[in-house]
Structure formats: structure tokens, C-alpha cells
Amino acid sequence: MIQGMTAQQPAADPDTDALWSAALARGLIRHDALHSIRYRDGYIDLLCPSSTARRTVGQRAMQSLTVAAISGRAWRRIMIGALSLHGLPMSAERERAAAALHLGGEQRVLDVACGPGNFTSFFAGKLAGDGFVIGLDNSAPMMERAVRNYSHSRAVYMRAEALSLPFDDGVFDAVCCFAALHLVPEPIGVLREMVRVLAPRGRIAVLTSFGRESFLMRTGLALGATICGVRVFDRTTVPAFFAAAGLIDVDQQMRGIAQFVTARRPEERPTRDRWRARSSVKIPERSWIGH
């Protein structure tokens with residue numbers, strides 16, 4: 001179905017685009033969210049124009065047209081440059097992310113807080129058959145930038161809130177969030193939603209901040225993070241959350257002041273009651289700094 005109906009190709013027929021997007025949405029989006037779907041400027045919009053969710057300084061910057069006009073590479077440097085003292089080149093980062101998610105074939109992939117879509121489009125190029133990736137972000141300027149510069153026949157861009165993903169449970173084979181978890185007001189809530197939509201045997205990957213072990217480093221990071229409204233996570237919070245949610249094969253890699261955490265949902269999903277119990281685990285406030 002996806003082949004031949006390319007939602008993001010610049011020369012595609014807008015009517016075909018809209019039909020393709022609606023058909024895709026019906027297969028993934030919760031019934032209660034379907035009435036909010038609008039198709040605008042090449043992306044699916046589930047947020048009303050007056051949506052005013054609480055924003056951090058970093059998020060407000062991401063919403064601005066000035067930031068949206070920056071190229072994908074420059075935008076990523078601004079958002080995660082401080083997270084990587086020994087950063088990998090962009091191409092190596094994307095390859096590492098795709099490998100961690102085991103991308104290839106007919107997978108359903110969700111890229112949470114995708115920004116201008118540079119990772120989304122790259123992931124789309126790894127898929128085949130009926131595979132596709134949804135790049136989700138709450139910023140209209142970012143969605144416009146993604147559609148304009150990172151279109152792909154297997155990529156769909158969607159404006160929605162990461163804290164309340166509009167999808168049914170367990171519908172994605174891979175879910176990721178790169179360089180944005182530390183910017184959202186409720187990161188644990190976003191992680192909970194990402195795990196909720198992950199299918200059995202699905203893989204999840206997160207790139208976020210790391211406060212290091214040095215007291216001086218933590219103090220300096222905390223000061224800067226508090227000013228900017230950015231959270232700096234400790235070593236244990238994200239892996240502990242994944243484990244508490246029933247995920248397995250949890251792996252954590254440190255690089256500079258960034259951490260890359262991956263995990264996998266086992267074959268059998270926990271029952272709903274068990275998942276609720278696990279996901280209600282309270283993460284102590286001291287598990288991150290700079291909030």
C-alpha cells in the first residue's frame with residue numbers, strides 16, 4: 001500500500017498525499033484522536049493552532065522560525081553539541097542509531113521529537129516493502145522544515161505531543177528519541193509513552209544528557225541546565241526505567257556528557273495491570289539535575 005503513494009515526495013499529488021496519510025493514520029492512531037487529524041503543508045497535524053502546552057526555554061527556541069530555518073546539521077549541533085565532548089560525525093551517529101534499532105525491512109518506526117527530520121529520513125532509507133517511519137514533533141516550523149528538506153517516500157511527518165502519543169498500544173517495531181528528552185518538561189512521561197507504543201520484540205533507543213561522576217562537572221552542568229531549562233540525567237535513571245517497564249537487553253553507552261541507551265521488549269508483553277504497576281514507579285527528583 002505504501003509503495004506508489006509517496007506522502008512526502010515534492011512532486012506528489014496533494015490529494016493522493018492526504019488519502020495516503022489518512023489511511024496510514026487509521027491503522028495506528030487511537031480512535032479518540034482520529035477526529036483531530038488535519039493534513040496541512042505535507043504533514044499530519046493533530047494539534048490545534050492555539051495549543052499552548054508548557055514549554056522550556058529550549059523548546060521555545062525549537063518553536064521559533066529562526067531555529068527552524070537552520071539546516072538539520074546545524075540544528076543538531078546546537079541541540080546536542082553540549083551533550084557530546086567527543087561527538088561522532090553525523091553520519092556515524094545515524095548509522096549507530098539505525099544499527100541499535102535493527103532497522104531494515106518492513107518495520108514500523110517512530111522517531112519522537114524528530115525536529116527537522118534528518119534522522120527520520122535516514123531511517124526511512126533503511127526500510128523496504130511496506131516499512132515506514134513517522135517523525136513526530138510538536139513544532140509546526142520543524143514539521144515544515146522536515147517536509148521541505150527531509151522528505152522521503154517512506155517517511156510521514158506528524159505534529160503531536162510526545163507526552164500523549166496518539167497511537168494504539170504496541171504498534172511500532174522501533175521507537176527512538178534523539179537529543180530531545182532532556183528538553184521536555186516531563187521526560188519520564190515521554191519514556192512511558194514510548195514504551196507503551198512499542199510492539200513485542202520491538203527495540204527502543206534514547207540519546208540524552210549525562211551528568212558525569214565529577215562533582216565539579218555536575219555542578220557546572222546543573223547551573224547551565226537550570227538557566228536553559230534543560231535536564232541533565234544521572235547514570236541510572238533511563239536504564240532503571242526501561243528495566244522497571246519490563247524491557248530486556250538494556251544497554252548504556254557513555255560519550256562525553258551524553259548517554260545512548262537501548263533496550264528491547266520481550267516476546268510476551270506484560271499484562272496491562274502489570275505494566276501500569278511498573279510504569280507507576282516514581283523516579284526520585286535527584287535522579288536528574290537542572291530542572
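These values consider heavy atoms only, across backbone and side chains, with no hydrogens, waters or symmetry-generated copies. Note that this is a predicted model, so its numbers are computed, not measured. One-based numbering along the sequence shown.
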Taking the side chain as every heavy atom from C-beta outward, state whether Ile37 and Ile29 have any atom pair closer than 4.5 Å.
-> yes
Does the Gln259 side chain pair with the main chain of Ser209, one donor and one acceptor, at a distance under 3.5 Å?
-> yes
Taking all non-hydrogen atoms of both residues into account, name the closest pair between Leu181 and Thr208 and its distance.
-> CB-OG1, 3.8 Å
Are any of the side-chain heavy atoms of Val112 and Leu110 separated by less than 4.5 Å?
-> yes
Note, Ile204 side chain near Met194 side chain (heavy atom, < 4.5 Å) = yes
Any donor-acceptor pair under 3.5 Å from Asp234 side chain to Thr237 backbone = yes
Return yes if some donor-acceptor pair links the side-chain N/O of Gln107 with the main-chain N/O of Gly131 below 3.5 Å, else return no.
-> no
Ala98 to Phe122 - nearest heavy-atom pair and separation = CB-CE2, 4.1 Å
Quick one: does Pro266's side chain get under 4.5 Å of Arg201's, heavy atoms only?
-> no
Output all residues satisfying side-chain hydrogen bond (donor to acceptor under 3.5 Å, both in side chains) with Arg108, sequence neighbours left out; order by chain, then residue number.
-> none
Criterion side chain to side chain contact (heavy atoms under 4.5 Å, CB included) on Asp41 and Met143, from CA distance to verdict = CA-CA 9 Å; Asp41 301 324; Met143 292 288 89; over 6 Å; no
Would Val197 and Asp168 satisfy side chain to side chain contact (heavy atoms under 4.5 Å, CB included), going step by step from the backbone distance to the final call?
-> CA-CA 6 Å; Val197 301; Asp168 289 326; over 6 Å; no
Quick one: pull up CG in Asp169 and CZ in Arg30 and give me the separation to the nearest 0.5 Å.
-> 9.0 Å
Hey, are Arg96 and Glu93 close enough for a salt bridge, meaning a charged N less than 4.0 Å from a carboxylate O?
-> no
So, do Asp137 and Pro116 sit near enough that their side-chain heavy atoms are less than 4.5 Å apart?
-> no
Over all atoms of both residues, closest heavy-atom pair of Ala33 and Pro166 = CB-CB, 4.1 Å
Side chain proximity check, Cys114 to Met158, heavy atoms < 4.5 angstrom | no
If you look at every heavy atom in Arg94 and Phe123, which pair is closest and at what distance?
-> O-CE2, 4.1 Å
Given side chains that start at C-beta, do those of Val261 and Phe233 come closer than 4.5 Å, heavy atoms only?
-> no
Ion pair present between Arg264 and Asp249, side-chain N to carboxylate O less than 4.0 angstrom?
-> yes
Does Arg192 reach the main-chain N or O of Pro187 with its side chain, forming a donor-acceptor pair under 3.5 Å?
-> no
Determine, stepwise, if the pair Phe119 / Cys177 fulfils side chain to side chain contact (heavy atoms under 4.5 Å, CB included).
-> CA-CA 10 Å; Phe119 270 64; Cys177 181; over 6 Å; no
One should read off an interatomic distance between Thr262 OG1 and Leu101 CG, to the nearest 0.5 angstrom, of 8.5 Å
Cluster question for you: counting only ILVMFWY and a side-chain heavy-atom cut-off of under 4.5 Å, with indirect links fine, are Leu34 and Leu136 together?
-> yes
Any sub-3.5 Å donor-acceptor pair from Arg154's side-chain atoms to Gly129's backbone N or O?
-> yes
Compare all side-chain heavy atoms of Arg203 with those of Arg265 and state whether any distance is below 4.5 angstrom.
-> no
Salt-bridge criterion met for Glu95 and Lys126 (N-O under 4.0 Å) | yes
For the student: nearest non-hydrogen atoms of Gly104 and Leu127, plus distance = N-CD2, 4.0 Å
What is the distance from atom OH of Tyr150 to atom CE of Met142, rounded to the nearest 0.5 Å?
-> 11.0 Å
Taking every heavy atom of Leu103 against every heavy atom of Ala174, the minimum-distance pair comes out as CD2-CB, 4.0 Å
Using the side chain to side chain contact (heavy atoms under 4.5 Å, CB included) rule, take Phe242 and Val195 through it: C-alpha gap first, then chi angles, then the decisive distance, then the call.
-> CA-CA 8 Å; Phe242 283 164; Val195 173; 4.2 Å; yes
Within the side chain of Arg159, is there an N or O that forms a donor-acceptor pair under 3.5 Å with the backbone of Leu47?
-> yes
Which residues pass the side-chain hydrogen bond (donor to acceptor under 3.5 Å, both in side chains) test with Asp251, sequence neighbours left out?
-> Gln253
Not counting sequence neighbours, which residues clear ring-ring contact (aromatic ring centres under 6.0 Å, His included) with Phe167? List them please.
-> Phe172
